[in-house]
Amino acid sequence: MKDSSSAYYIHCFAHQLQLTLVAMSKKHLDVEDFFCHVTNVLNVIGVSFKLIEHEGSTSNERNQAKYLLSEIITFKFVFMLHLMLKVLAISNELNKILQKRDQDIVNAVKFLNITKKRLQDMRETGWESLLDDVY
């Protein structure tokens, strides 16, 4: 917009993709729970490293770590881990294309269609391989 007064601001496509993934995760309780557990695990690990340098962990912190361990070894958590890994891997190429500064809209639309097809294929036929990965 600085270079040309006739330019229009278009919200970053990669950010729109991210917002879509976040909105999807908030609509599905299992996905939201998964990301909540991942966040809590990262927080516990971060606190644990700090506590090693100091006096050690409290009973509450140990209980929280035990609870999180019991959650992340469940089938449900491991299933969501693999599902999110596949979904994010599929959308990663599109995300990279959308973040390019010299964006080619034709190429971006092509990658959008490829991503949509891959997600649809996974939805229709990918459950068996996903379950194999989980097991």
Under the side-chain contact (heavy atoms from CB on, under 4.5 Å) test, residues paired with Asp30 that sit two or more places apart: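 Lys76, Met80.
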Contacts of type side-chain contact (heavy atoms from CB on, under 4.5 Å), residue Lys116, not counting sequence neighbours: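 Per chain and number, Lys116 pairs via side-chain contact (heavy atoms from CB on, under 4.5 Å) with Leu112, Asn113.
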Worked verdict on Lys86 versus Ser91 for side chain to side chain contact (heavy atoms under 4.5 Å, CB included): CA-CA 9 Å; Lys86 284 189 183 258; Ser91 63; over 6 Å; no
[atom1]-[atom2] distance between [X] and [Y], expressed to the nearest 0.5 angstrom:
| X | Y | atom1 | atom2 | answer |
| --- | --- | --- | --- | --- |
| Leu119 | Ile114 | CG | CD1 | 12.0 Å |
| Ile97 | Lys110 | CD1 | NZ | 9.0 Å |
| Leu130 | Thr125 | CG | OG1 | 11.5 Å |

Glu71/Lys66 ion pair, N-O < 4.0 Å: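 Lys66 and Glu71: not salt-bridged.
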ILVMFWY cluster, Ile72 and Leu85 together (side-chain gap under 4.5 Å):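 In one cluster: no.
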Cluster link Leu29 to Val87, ILVMFWY, side chain under 4.5 Å: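 No; Val87 is not reachable from Leu29 via cluster members.
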Residues, nucleotides or ligands: over 12 heavy atoms within 6.0 Å of Glu124 CD: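 It does: Glu124 CD has more than 12 such atoms within range.
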Testing the basics here: between [X] and [Y], what is the closest heavy-atom pair and its distance to 0.1 Å?
| X | Y | result |
| --- | --- | --- |
| Phe111 | Glu93 | CE2-OE1, 3.4 Å |
| Val41 | Leu68 | N-CD1, 3.9 Å |
| Ala65 | Val44 | CB-CG1, 4.1 Å |

Ile73 vs Leu69, side chain to side chain contact (heavy atoms under 4.5 Å, CB included): CA-CA, chis, key distance, verdict: CA-CA 6 Å; Ile73 62 173; Leu69 179 61; 4.1 Å; yes
Side-chain touch Phe35/Asn40, heavy atoms, less than 4.5 angstrom: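 Phe35 vs Asn40: side chains apart.
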Residue pairs involving residues 65-101 (criterion ring-ring contact (aromatic ring centres under 6.0 Å, His included); sequence neighbours excluded):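 Those involving residues 65-101 are Phe34-Phe77, Phe75-Tyr135.
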